[in-house]
Peer 1: 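I have a structure here, written as structure tokens, and I will follow up with some questions on it.
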Amino acid sequence: MSRIPLLSVNDTTGERQQLLTQIHGAFGATPAMFRAVANSTAALKSMWGSFGALGTGSIPAKLGEQIAVAVAERNACHYCLAAHTVLGRKAGASAEEMAAAQRGESPDAQTAAALRFALQLVEARGQVGAGDVQALRDAGFSDAQIVEIVAHVALNLFTNYVNLAFDVPLDFPAVRLHRQGR
């Protein structure tokens, strides 16, 4: 049971209702996470706007979803792990690629570098060094892409914290956390 009400389009009006309608249109349903965040129109605009903006970035959707599952695993966020595993598959990742990303691994060197950096950001609370950033450049990422990797991590921290703090109920097929042994 969520610790905060899960709002629906019918519970709202105005801009919040418009945002929930857009989200419902994008997913074919309104995921519980967005229904929880809808308690604040400003927070919902921030989250939905960030997803939209990053969706037009230079980081491919598949890599964005791989970063998301790595961050979700690290934070033990069942909701984000489940949601981004589904979205990663829709973005073209295999089940094996998503499971590897969950562990922070990839057979692709560039993807592996991005996942290492993303997890360093989470574990070090952003306190990474010049060598860590240079390792991404060495892996072939542009400065714009490096900034987008940080933005993906930040957005996923936001979503992880929402789902964990409010105990948002799972509405995607569950995925087992590796780290937690559950």
Side-chain angles (χ1 to χ4, degrees), residues 1-57 59-93 95 97-99 101-102 115 118-119 121-122 125-126 148-182:
M1 179 90 172
S2 179
R3 296 180 184 126
I4 196 163
L6 301 179
L7 303 180
S8 73
V9 171
N10 299 329
D11 300 325
T12 65
T13 59
E15 186 175 26
R16 182 173 23 195
Q17 187 177 56
Q18 291 171 352
L19 290 165
L20 286 173
T21 299
Q22 288 174 14
I23 292 163
H24 187 91
F27 288 95
T30 308
M33 176 187 72
F34 290 106
R35 294 178 60 211
V37 175
N39 282 278
S40 165
T41 302
L44 185 60
K45 280 173 49 176
S46 173
M47 183 181 282
W48 187 237
S50 293
F51 277 114
L54 290 174
T56 65
I59 294 291
K62 178 179 166 181
L63 178 56
E65 299 304 337
Q66 289 170 301
I67 290 168
V69 297
V71 172
E73 173 73 25
R74 193 65 71 206
N75 288 319
C77 182
H78 291 274
Y79 191 96
C80 288
L81 181 58
H84 290 287
T85 297
V86 167
L87 294 171
R89 296 299 309 273
K90 286 184 178 180
E97 287 173 310
M98 292 308 290
Q102 185 181 341
L115 295 174
L119 293 175
L121 280 173
V122 173
R125 298 180 187 170
E148 288 178 27
I149 290 169
V150 173
H152 276 276
V153 171
L155 176 56
N156 282 286
L157 289 173
F158 179 18
T159 63
N160 287 185
Y161 290 178
V162 162
N163 291 304
L164 293 167
F166 302 138
D167 196 22
V168 175
L170 199 58
D171 50 4
F172 291 90
V175 175
R176 183 176 175 267
L177 288 167
H178 291 293
R179 197 176 137 145
Q180 300 295 317
R182 313 184 245 142

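For the single chain, residues carry numbers from 1 onward in sequence order.
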Peer 1: For residues Leu6 and Pro169, determine if any side-chain heavy atom of one lies less than 4.5 Å from a side-chain heavy atom of the other.
Peer 2: yes
Peer 1: Can you find a pair of side-chain heavy atoms, one from Ile59 and one from Leu54, that are under 4.5 Å apart?
Peer 2: no
Peer 1: Can you name the residues that form a salt bridge (charged side-chain N to carboxylate O under 4.0 Å, His left out) with Lys45, not counting sequence neighbours?
Peer 2: Glu15
Peer 1: For Leu164, is there any backbone N or O sitting under 3.5 Å from a side-chain donor or acceptor partner on Arg3?
Peer 2: yes
Peer 1: Are Val71 and His84 close enough that some pair of their side-chain heavy atoms sits under 4.5 Å apart?
Peer 2: no
Peer 1: Can you find a pair of side-chain heavy atoms, one from Leu63 and one from Gln66, that are under 4.5 Å apart?
Peer 2: yes
Peer 1: Between Val86 and Arg89, does a side-chain contact (heavy atoms from CB on, under 4.5 Å) hold up when you go through it step by step?
Peer 2: CA-CA 5 Å; Val86 167; Arg89 296 299 309 273; 5.9 Å; no
Peer 1: Return the set of residues passing side chain to side chain donor-acceptor pair (under 3.5 Å) with Gln18 (not counting sequence neighbours), or none when no residue passes.
Peer 2: none
Peer 1: Can you check whether Ala42's main-chain N or O pairs, donor with acceptor, with Ser46's side chain at less than 3.5 Å?
Peer 2: no
Peer 1: Working to the nearest 0.5 angstrom, can you tell me the gap between His78 NE2 and Arg176 CZ?
Peer 2: 10.5 Å
Peer 1: Would you check if Leu44 and Leu20 make a side-chain contact, meaning some heavy-atom pair closer than 4.5 Å?
Peer 2: yes
Peer 1: Not counting sequence neighbours, which residues clear side chain to side chain donor-acceptor pair (under 3.5 Å) with Thr21? List them please.
Peer 2: none
Peer 1: Give, for atom CD of Gln17 and atom CG of Asp11, the distance between the pair rounded to the nearest 0.5 Å.
Peer 2: 9.5 Å
Peer 1: Assess whether side-chain contact (heavy atoms from CB on, under 4.5 Å) is satisfied between Val150 and Leu121, documenting all intermediate values.
Peer 2: CA-CA 8 Å; Val150 173; Leu121 280 173; 3.7 Å; yes
Peer 1: Please report the shortest heavy-atom distance between Ala101 and Val69, naming the atom on each side.
Peer 2: CB-CG2, 3.7 Å
Peer 1: So, Asp171 versus Tyr79: side-chain donor-acceptor pair below 3.5 Å or not?
Peer 2: yes
Peer 1: Tell me, please, which residues at least two apart from Glu148 pass side chain to side chain donor-acceptor pair (under 3.5 Å).
Peer 2: Ser58
Peer 1: Nearest 0.5 angstrom please: Leu81 CG to Asn163 CG, how far?
Peer 2: 11.5 Å
Peer 1: Would you please name every residue forming a side chain to side chain donor-acceptor pair (under 3.5 Å) with Asn39, sequence neighbours left out?
Peer 2: none
Peer 1: For residues Leu170 and Ala82, report the shortest heavy-atom separation together with the two atoms involved.
Peer 2: CD1-CB, 3.6 Å
Peer 1: Between the main-chain N or O of Lys90 and the side-chain N or O of Glu65, is there a donor-acceptor pair closer than 3.5 Å?
Peer 2: no
Peer 1: So Glu73 and Leu177, side-chain contact (heavy atoms from CB on, under 4.5 Å) or not? Walk me through it.
Peer 2: CA-CA 6 Å; Glu73 173 73 25; Leu177 288 167; 3.4 Å; yes
Peer 1: I'd like a table of donor-acceptor pairs (distance under 3.5 Å, sequence neighbours excluded) in which one partner is a side-chain atom from residues 24-34, with atom names and distances.
Peer 2:
| unit_1 | atom_1 | unit_2 | atom_2 | d |
| --- | --- | --- | --- | --- |
| His24 | ND1 | Thr30 | N | 3.4 |
| His24 | ND1 | Thr30 | OG1 | 3.0 |

Peer 1: Give the minimum heavy-atom separation between Asn160 and Ala72, together with the two atoms involved.
Peer 2: OD1-CA, 3.6 Å
Peer 1: Can you find a pair of side-chain heavy atoms, one from Phe158 and one from Ser50, that are under 4.5 Å apart?
Peer 2: no
Peer 1: What are the two closest non-hydrogen atoms of Asn156 and Ala68, and how far apart are they?
Peer 2: OD1-CB, 3.2 Å
Peer 1: With heavy-atom distances below 4.5 Å as the criterion, would you say the side chains of Met98 and Val175 are in contact?
Peer 2: no
Peer 1: Quick one: CZ on Phe51 to CG on Leu87, what's the gap to the nearest 0.5 Å?
Peer 2: 8.0 Å
